[in-house]
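Reading through the structure tokens given below for one structure.
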Amino acid sequence: MMSDSDSGTVLIDKNSEKEPTDDSPKTSEKTKTNFDVIIIGAGPAGYTAGIYSSRARHDTLIISGLLPGGQLMNTTDVENYPGFSDGIMGPDLMQVMRKQTERMGTTIIDDVVVNVDFRRSPFKVLTASEEFEAKAIIVCTGATPRKIGIDGEQTFAGKGVSYCATCDGAFFREQPIAVVGGGDSCMEEAIFLTKFASKVHIIHRRDEFRASKIMQERALSNEKIQVHWNSTVKDIKGDEKVKQIILTDTKTNEETSLDMGGVFVAIGHEPNTELFKNQLELDENGYIILKNNTETSVEGIFSAGDVHDHRYRQAVTAAGYGCMAAIDVDKYLAEKK
Ligand code: NAP
């Protein structure tokens, strides 16, 4: 490891087991590890933050995480992102956002952050192989669909169990499909799936929905949708693919088996905040609490997107938050000078 004396930048030769010497070539194979700003996560929030941060002339790094592009990589048509009059596929949208971010000068590394140290500045962000430092951080790690937590769910993930109707609905033409949940997402998914399914079964654990009245009305008035109230999915069975689900009636404990081609789980999302549990203030559901515009409970650590926003959860709002966080970081760094 060596320090570039002009910038204080530490360079690492990724291809060498040995520590590079002063006369090692400074090529693109080397990764800088000191930045003004590190953005953790590469969904719409992370990329937008990168664009604004780099345009404000801050040396900016994005560490993308396991799924560069975030949740939109698992969607098909995106019709509500402004600027695309004919709609755009989710992965294509993320690809152009990434290109735009790189063009602005942001460094992007496809790696996973395994630890952070936000106790003092410069803040530390660690991957399995490297340690990065920055004067400010923007956390854009998003949220992940919640799991039911039964064995069959894991066994048949991608083989009939799905978390995204728009991505996978078309695979279940003329088959019975179960949708688990009771909120707006569940209603939306169930209604969407009636386009393909022979019948849609909503499985809800209580006797009333949490969803908005209008969404409930739409679902309940759809002839293809049947609701199983007070029911939980005990198991999912099949061979290569899902064939049946076993329901338990929560009032009587009675078990019923239903033939099913697919199971869509729509029971909400979990914010990706495991890394920040002991470092940032989180609410009772694990979402990051913002204290001062987009700044978190720690001065110098900002956040944008679904990791703090459980209300709107849209690509366009996440992008908006990314912009806001980068502007807040710019002000923070200017005041620090
Ligand atoms: P949500 O509102 O939190 O609803 C989650 C549903 O899943 C609840 O009905 C809950 O049951 C059920 N559930 C949770 N954990 C479960 C488990 N382990 N097993 C079985 N069922 C379980 O989540 P969401 O539907 O994803 O919506 C999140 C937010 O996005 C909401 O604010 C919603 O309004 C918004 N949204 C809006 C739209 C729209 O306006 N078009 C579309 C989608 C989402 P209980 O009710 O018994 O707790």
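Numbering of ligands and ligand atoms starts at 1, following listing order.
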Is any N or O atom of [X], backbone or side chain, closer than 3.5 Å to an N or O atom of ligand 1?
{"X": "Glu188", "value": "yes"}
{"X": "Lys147", "value": "no"}
{"X": "Arg311", "value": "no"}
{"X": "His310", "value": "no"}
{"X": "Cys186", "value": "no"}

Do the rings of [X] and [Y] sit parallel, tilted or perpendicular, given the 30° and 60° boundaries?
{"X": "Phe118", "Y": "Phe123", "answer": "perpendicular"}
{"X": "Phe209", "Y": "Trp229", "answer": "tilted"}
{"X": "Phe196", "Y": "Phe192", "answer": "perpendicular"}

Return the closest protein heavy atom for [atom] as residue, atom name and distance.
{"atom": "atom 13 (N) of ligand 1", "answer": "Ile267 CB, 3.6 Å"}
{"atom": "atom 16 (C) of ligand 1", "answer": "Arg205 NH1, 3.3 Å"}
{"atom": "atom 47 (O) of ligand 1", "answer": "Arg206 NE, 2.7 Å"}
{"atom": "atom 44 (C) of ligand 1", "answer": "Ser185 OG, 3.4 Å"}
{"atom": "atom 30 (O) of ligand 1", "answer": "Arg313 NH1, 2.7 Å"}
{"atom": "atom 23 (O) of ligand 1", "answer": "Gly268 CA, 3.6 Å"}
{"atom": "atom 34 (O) of ligand 1", "answer": "Asp184 OD2, 2.6 Å"}
{"atom": "atom 3 (O) of ligand 1", "answer": "Arg210 CD, 4.2 Å"}

- Is there a donor in the side chain of His269 and an acceptor in the side chain of Asp306, or the other way round, less than 3.5 Å apart?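 Note: His269 and Asp306 side chains miss the donor-acceptor criterion.
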- So, Glu153 and Tyr163: side-chain donor and acceptor under 3.5 Å apart, yes or no?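 Their side chains do contain a donor-acceptor pair, which is all the 3.5 Å distance test asks for.
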- Message: Tell me if the aromatic rings of Tyr287 and His308 count as close, with their centers under 6.0 Å from one another.
- Response: no
- Query: Under 3.5 Å, is there a donor-acceptor pair between the side chain of Gln154 and the main chain of Gly152?
  - Reply: no
- Message: Can you confirm whether some protein heavy atom lies under 4.0 Å from atom 28 (C) of ligand 1, or whether none does?
- Response: yes
- Query: With a 4.0 Å cut-off on heavy atoms, is His204 touching ligand 1?
  - Reply: yes
- Query: Does NZ or CZ of Lys135 lie under 6.0 Å from the centre of the six-membered ring of Phe35, at an angle within 45° of the ring axis?
  - Reply: no
- Find out whether Thr107 and Lys32 are in side-chain contact, i.e. whether some heavy atom of one side chain is under 4.5 Å from a heavy atom of the other. no
- Identify the heavy atoms of Pro68 and Arg98 that sit nearest to each other, and give their distance.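 So the two residues come closest at CB-NH1, 3.8 Å.
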